[in-house]
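Since this is a predicted model, take the numbers as computed values, not measurements. Lettering of chains follows the sequences in order, A, B, ..., and the numbering in each one begins at 1.
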Protein chains: 4
Amino acid sequence: MTTAKQRREAIHDSIRDAAISEFARNGLSGTSTQAIARTAGITKAQLHYYITSKEDLYQQVLGEIVTHWKEIFFLSASCPDDPKAVIADYVRRKIRHALEHPEVARFFAHEIARGGLEMAAHWPALRLSVDEATAVIQGWVDAGRIRPVDPLLFQMNLWAVTQHYAEYEAQVRRLMDAPAPTPLNEARIVEEATALFLGRCGLLD
Amino acid sequence: MTTAKQRREAIHDSIRDAAISEFARNGLSGTSTQAIARTAGITKAQLHYYITSKEDLYQQVLGEIVTHWKEIFFLSASCPDDPKAVIADYVRRKIRHALEHPEVARFFAHEIARGGLEMAAHWPALRLSVDEATAVIQGWVDAGRIRPVDPLLFQMNLWAVTQHYAEYEAQVRRLMDAPAPTPLNEARIVEEATALFLGRCGLLD
Amino acid sequence: MTTAKQRREAIHDSIRDAAISEFARNGLSGTSTQAIARTAGITKAQLHYYITSKEDLYQQVLGEIVTHWKEIFFLSASCPDDPKAVIADYVRRKIRHALEHPEVARFFAHEIARGGLEMAAHWPALRLSVDEATAVIQGWVDAGRIRPVDPLLFQMNLWAVTQHYAEYEAQVRRLMDAPAPTPLNEARIVEEATALFLGRCGLLD
Amino acid sequence: MTTAKQRREAIHDSIRDAAISEFARNGLSGTSTQAIARTAGITKAQLHYYITSKEDLYQQVLGEIVTHWKEIFFLSASCPDDPKAVIADYVRRKIRHALEHPEVARFFAHEIARGGLEMAAHWPALRLSVDEATAVIQGWVDAGRIRPVDPLLFQMNLWAVTQHYAEYEAQVRRLMDAPAPTPLNEARIVEEATALFLGRCGLLD
DNA sequence: GATGAATGAGGGTTCATTCAT
DNA sequence: TATGAATGAACCCTCATTCAT
């Protein structure tokens, strides 16, 4: 038995999913509310009953994504004493997410490509996460646990590689001969990416 | 003395530049011919005199970019006997291009994010370039010149890292404290990226 | 203790007040049911439960106003033997009403400005009132109690002047240096207006 | 032979006329660009090619009207030595304008009824005109040329009466038995109105 | 070539109204 | 009664494109 509240939340969820998907494909200005409504399976007028405006929906989705990422994606300092485990774990988690929710990553890429205009409110928090991770990595270097690296750029490259499999999914699928419904070979991707960053740290066997 | 032909080409060039810049920011559907015309410094009507349609302009620009990249960017087998030199050179060239023409990289990223619909005609050629490079890298592995790597994914990761500094320029600038007019520290970026891929190959030090 | 009936009437009253206020400001087509509901302190859906339609609400309010005015505002022939008293009294009453309920006058002005389309049903009654007053005034003229005037136009001018202080309230306040919460100087307005019409009749000292 | 410039101006004129007429009937928010376009005899898209926005068109028309009125309508101090002539002339001119361009007066009335929100820029100039006229009238009083009056309210009443025949045209026509195409009896209206204000000043006969 | 004008389609959004709960 | 939801029409405005000049 579905309550009214559940129905409303279901609609809100499908709107959010549709918005991510459409914005990821065509950006803010390139996406019509018509398209979002169609993807969400509702009328355009109905969509506008649930949202304040297209811009607002975009902002809201962006906010949720950034919040979510701050929690999950920046180098968890939970067990910072084992660089190898931390890095391998991060790469695995990030790539899994990229393959499972590629639209989220693409949405974010779009926003940054536009200049990150709507990110204004979120930069400080992101910055904080990055600074924390930088400290952890620098600690590893200082302790001689990994080869000297540029901690900031090391993180960016981690980000670059893991995001890539979401953003360039279409190209990756072409080159890996895995057309759309076929799942991408996650293990293979994780393995090479992990080796890349461990190799940089001198932790590769 | 400017001939009529020269003037025409100058206009075509400024249209192409404007198109890249605008499409890079907002994608195909998010960009108006009005905006392109404005950036190119001409009238909307004048623009439509020079182009067939917005879609066609997009296709044409995409074609030029892909052609250009095929020439310049895939692992040049010119001196394939020195993996370290080839990789270092590739990273340097690619990052320089990313920093100098970030809109081009962003344009391409947009296209792939959309699913690469307009890329249909270009995939085979791209594939060919990749296959050639794959053979070269595999040769290095087989000859024991570099540590065993997944040649295809190795290339993708190269691509990912070098593209990143164009696509995420806004984020990179924020995190590297280099607001818009300031040039990004190219040497620092090149160095860390080079070390990343050489480290993977066991060629560091 | 409030009965259900009392509550219903209270809502109907606040709807009517809200309608007058909103219609007075923006006319029939320029007023949204949303705005009326907001001003009345109820939901849009609730409003539509109490009214048949926006047009109908407008008609109803217009009807009430016209009825009310017929009772109060046309030259009362109660003591028709003293022109000076009748005129002075009329001006005073009418201006007081204009200052106390300016929205009512503005509502009416809007309706007439639109061409009085919805007034169809009310013209005959208005006409009757005017004809009665015309007879009274003509009687005064014939009896030599006031200077000869055009009885119909005399009434219209009375109407014009007294309405003015409601319709042009914003302008009047500006020119009399009496911004919104400040009460307008009613005595001053009444005095000059009275003198105007008595002067016309030759009744000014 | 019509030049392009002439055609453009003709369109601009018909847009302005249509705008005045429609805004006068239904106010700013109650008027659709569709309606303006229809009245102007052009397409809605065509209308939007010539105007910036509905609000802007409204503002522009309002500005033109206010400017025009400042020039024509405030007590001309050209021959301030003959109160009777000045007042009679003013009433005649103002009523003629009201009968010939009633929509202009109605447009203005609408704007004031809304609170004169868009008038912000125009109040000072209006104030100046009024102050000048006030000085002139006070001069007449001081010189004993007219009976003592409240100069500001005297002007407002002048305004009220003369505007009335435009704003309440529909009602005036009903009561004067002059349905739409029939011209109103201007002479009769001017005569009674003139007598009204001259009577106030003690200048009748 | 260049430009002002025109247009039919579609953009985002609000509307008056109805309906189920 | 009251309210959240739904809807088709209409809102203002911009779009890509064409056409005369």
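Rounded to a whole Å, the CD1 atom of C/Ile51 is 15 Å from the C1' atom of F/dA2. Taking atom CG on C/Leu47 and atom P on F/dA2, their separation rounds to 12 Å, with Å as the unit. Atom NZ of A/Lys44 is separated from atom C1' of F/dA9 by 11 Å (rounded to the nearest Å). Straight-line distance from the NE2 atom of C/His12 to the C1' atom of F/dT1: 12 Å, rounded to whole Å.
Nucleotide F/dT21 is matched to E/dA2 when pairs are restricted to Watson-Crick or G-U wobble geometry with both distances under 3.5 angstrom. Here F/dT14 sits opposite E/dA9 as a Watson-Crick or G-U wobble pair (both hydrogen-bonding atom distances under 3.5 Å). As the counterpart of E/dC15, F/dG8 is assigned, both hydrogen-bonding distances of the Watson-Crick or G-U wobble pattern falling under 3.5 Å.
Minimum interatomic distance between A/Glu118 and A/Glu111 (heavy atoms only, all atoms of both residues): N-OE2, 2.9 Å.
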*Residue pair B/Glu22, B/Arg25: steps toward the salt bridge (Lys or Arg N to Asp or Glu O under 4.0 Å) verdict*: CA-CA 5 Å; B/Glu22 295 298 323; B/Arg25 201 179 352 248; 3.3 Å; yes
*Just do the side-chain contact (heavy atoms from CB on, under 4.5 Å) check on A/Glu9 and A/Gln6 with the steps written out, would you?*
CA-CA 5 Å; A/Glu9 278 177 10; A/Gln6 281 173 329; 5.6 Å; no
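Ring geometry for A/Tyr168 against B/Phe108 counts as tilted: the plane angle lies between 30° and 60°, on a 0 to 90° scale.
Comparing A/Thr43 and B/Thr52 by the nucleotide of DNA chain F that holds the closest heavy atom to each, the one mapping nearer the 5' end is A/Thr43.
The nucleotide range of DNA chain E contacted by chain A, defined by atoms under 4.0 angstrom from heavy atoms of the protein and reported 5' to 3', is E/dG11 to E/dT14.
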